[in-house]
**Student:** 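My questions all concern the structure below.
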Amino acid sequence: MTDEVKETFGGGGGAASAGRRGAGAGGTPPAPGALAAKVRTLAPSMTRSVQRVAEAVAGDPAGCAALTVTGLAELTGTSEATVVRTARLLGYPGYRDLRLALAGLAAQQQSGRAPALTTDIAVDDPMADVVAKLAYDEQQTLADTAAGLDTVQLGAAVTALAAARRTDVYGIGASGLVAQDLTQKLLRIGLMAHAPGDPHLAVTNAVQLRAGDVALAITHSGSTGDVIEPLRVAFERGATTVAVTGRPDSPVTQYADHVLTTSTSRESELRPAAMSSRTSQLLVVDCLFVGVAQRTYESAAPALAASYEALAHRHGHRGRP
């Protein structure tokens, strides 16, 4: 093994965000079934050489599982260090762990697992095909997000939200709608939450945060300045910060104590990224809400009942059906 590969094996696996995230922030390696989802999620931010390795292992897990680190480097026209870096980027401590996952994935596929489908929507597709293709893409996006979601990071975010004095949620555009959804849910169980729609208001609100508060940023690209800035301010004020993003190595994660990664289907002319990113973000938001409701059940249940009763007359009946 070369010195470069030894160094890569022994390295830290990437810098933590601004020093506050601990060594365990990366969570456990993904399960074999999550490997393809991880590749799809990270591919846009990978270098060309790393992308070649990632696509090779996702495309032929059985063949790559039989290769040594040198063999895979030769197959992909890269270096041994690149292969090991790719393994780390995909969430595995080293190449040996990736090979074990590849063997597991190959076994799943040989047991009859259905291959992925191509679901590009054409301008002349009948509505029945549009419905079927969108439904499949939504299901794939949700499955990929669930498979790649770090439950250790999710649990830590839930713990912080459940105990927070106040929660601010930042998002712009489609992500802003998801931010509003989360705040409305938290408000209904009696927690203080805000989703400022104005970027300036988001920053001035963030200035008021402190230790014991939570700031949560939702941005698929991870590079939306109007979302990063208030999260940075909240981070510097000592609040616990969470990023929900499709790019785990993006700028927003520099100011996040906890990172929750979402997945999206491939973007097309009639299916912009905002559609699938919204789907995956809503799944993460629902997981956060349910987790918080579980942690705060004694107060959350009465609050939900009270809010239901307060609106019952607007729906033509009183009390629960």
Side-chain angles (χ1 to χ4, degrees), residues 12-27 41-42 45 149-183 185-187 191-262 277 280-281 284-285 287-289 291-292 295:
S17 62
R20 281 230 307 253
R21 271 195 284 161
T41 298
L42 296 177
S45 60
L149 195 56
D150 188 331
T151 54
V152 173
Q153 292 289 292
L154 180 66
V158 164
T159 298
L161 286 167
R165 178 188 69 97
R166 163 181 158 182
T167 297
D168 278 9
V169 189
Y170 315 123
I172 298 294
S175 296
L177 299 176
V178 179
Q180 292 177 26
D181 182 78
L182 177 57
T183 56
K185 284 180 166 68
L186 294 176
L187 287 168
L191 300 180
M192 185 66 69
H194 307 273
D198 179 85
H200 292 177
L201 183 59
V203 174
T204 55
N205 279 5
V207 171
Q208 307 303 321
L209 298 180
R210 60 177 186 265
D213 296 330
V214 171
L216 190 149
I218 303 175
T219 165
H220 172 63
S221 68
S223 57
T224 306
D226 286 340
V227 173
I228 294 174
E229 186 177 6
L231 191 73
R232 175 187 60 79
V233 172
F235 182 89
E236 292 173 351
R237 294 281 169 167
T240 298
T241 52
V242 182
V244 178
T245 180
R247 304 284 184 265
D249 57 348
S250 61
V252 73
T253 63
Q254 298 176 38
Y255 307 107
D257 295 307
H258 309 295
V259 177
L260 304 176
T261 305
T262 57
S277 67
S280 56
Q281 290 167 354
V284 174
V285 161
C287 290
L288 288 170
F289 170 72
V292 172
R295 301 286 181 92

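Just the heavy atoms: all of them, side chains too, but no hydrogens, waters or symmetry mates, feed the values below.
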**Student:** Work out which heavy atom in Ala157 is nearest to a heavy atom in Leu288; give both atom names and the distance.
**Tutor:** CB-CD2, 3.9 Å
**Student:** If only atom types and distance count, is the side chain of Thr245 paired as donor or acceptor with the main-chain N or O of His220 below 3.5 Å?
**Tutor:** yes
**Student:** To the nearest 0.5 Å, how far apart are CD1 in Ile218 and OG in Ser277?
**Tutor:** 10.5 Å
**Student:** How close do Tyr170 and Leu231 get, heavy atom to heavy atom, and via which atoms?
**Tutor:** CE1-N, 3.8 Å
**Student:** Tell me the closest heavy-atom pair linking Gly225 and Pro230, and the distance in Å.
**Tutor:** O-CD, 4.4 Å
**Student:** Apply side-chain contact (heavy atoms from CB on, under 4.5 Å) to residues Gln208 and Asp168 and explain how you reach the verdict.
**Tutor:** CA-CA 10 Å; Gln208 307 303 321; Asp168 278 9; over 6 Å; no
**Student:** Under 3.5 Å, is there a donor-acceptor pair between the side chain of Thr253 and the main chain of Asp249?
**Tutor:** no
**Student:** Is there a donor-acceptor pair under 3.5 Å between the side chain of Thr204 and the backbone N or O of His200?
**Tutor:** yes
**Student:** So do the side chains of Glu229 and Pro199 get within less than 4.5 Å of each other, counting heavy atoms only?
**Tutor:** no
**Student:** On a heavy-atom basis, which atom in Gly155 and which in Arg295 lie closest, and how many Å separate them?
**Tutor:** O-NH2, 3.8 Å
**Student:** Which value, rounded to the nearest 0.5 Å, describes the distance between Leu209 atom CG and Arg165 atom CZ?
**Tutor:** 7.0 Å
**Student:** Any donor and acceptor pair, going by atom type alone, linking the side chain of Asp213 with main-chain N or O of Arg210 inside 3.5 Å?
**Tutor:** yes
**Student:** Go through it in stages, so that I can follow the logic: the residues are Cys287 and Leu154, the test is side-chain contact (heavy atoms from CB on, under 4.5 Å), and I'd like the CA-CA distance, side-chain angles, deciding distance and then a yes or no.
**Tutor:** CA-CA 8 Å; Cys287 290; Leu154 180 66; 4.1 Å; yes
**Student:** If you look at every heavy atom in Arg237 and Ala206, which pair is closest and at what distance?
**Tutor:** CG-O, 3.9 Å
**Student:** Under the criterion side-chain contact (heavy atoms from CB on, under 4.5 Å), I'd like the reasoning laid out for Thr167 against Leu182: C-alpha separation, chi angles, the key distance, then a yes or no.
**Tutor:** CA-CA 10 Å; Thr167 297; Leu182 177 57; 5.8 Å; no
**Student:** Distance check, rounded to the nearest 0.5 Å: Ser221 atom OG versus Ile172 atom CD1?
**Tutor:** 11.0 Å
**Student:** Donor-acceptor pair, Thr183 side chain versus His194 backbone, under 3.5 Å?
**Tutor:** no
**Student:** Which heavy atom in Asp257 sits nearest to a heavy atom in Thr240, and how many Å separate them?
**Tutor:** OD2-CA, 3.4 Å
**Student:** Take Leu216 and Thr241, measure what side-chain contact (heavy atoms from CB on, under 4.5 Å) needs, and give me the verdict at the end.
**Tutor:** CA-CA 6 Å; Leu216 190 149; Thr241 52; over 6 Å; no
**Student:** Could you check if a side-chain atom of Leu177 sits within less than 4.5 angstrom of a side-chain atom of Gln281, using non-hydrogen atoms only?
**Tutor:** no
**Student:** Check whether any side-chain heavy atom of Ser223 lies under 4.5 Å from a side-chain heavy atom of Pro251, and answer yes or no.
**Tutor:** yes
**Student:** Has Gln153 got a side-chain atom pairing as donor or acceptor with Val259's backbone, closer than 3.5 angstrom?
**Tutor:** yes
**Student:** Is there side-chain contact between Asp150 and Thr261, with at least one heavy-atom pair below 4.5 Å?
**Tutor:** no
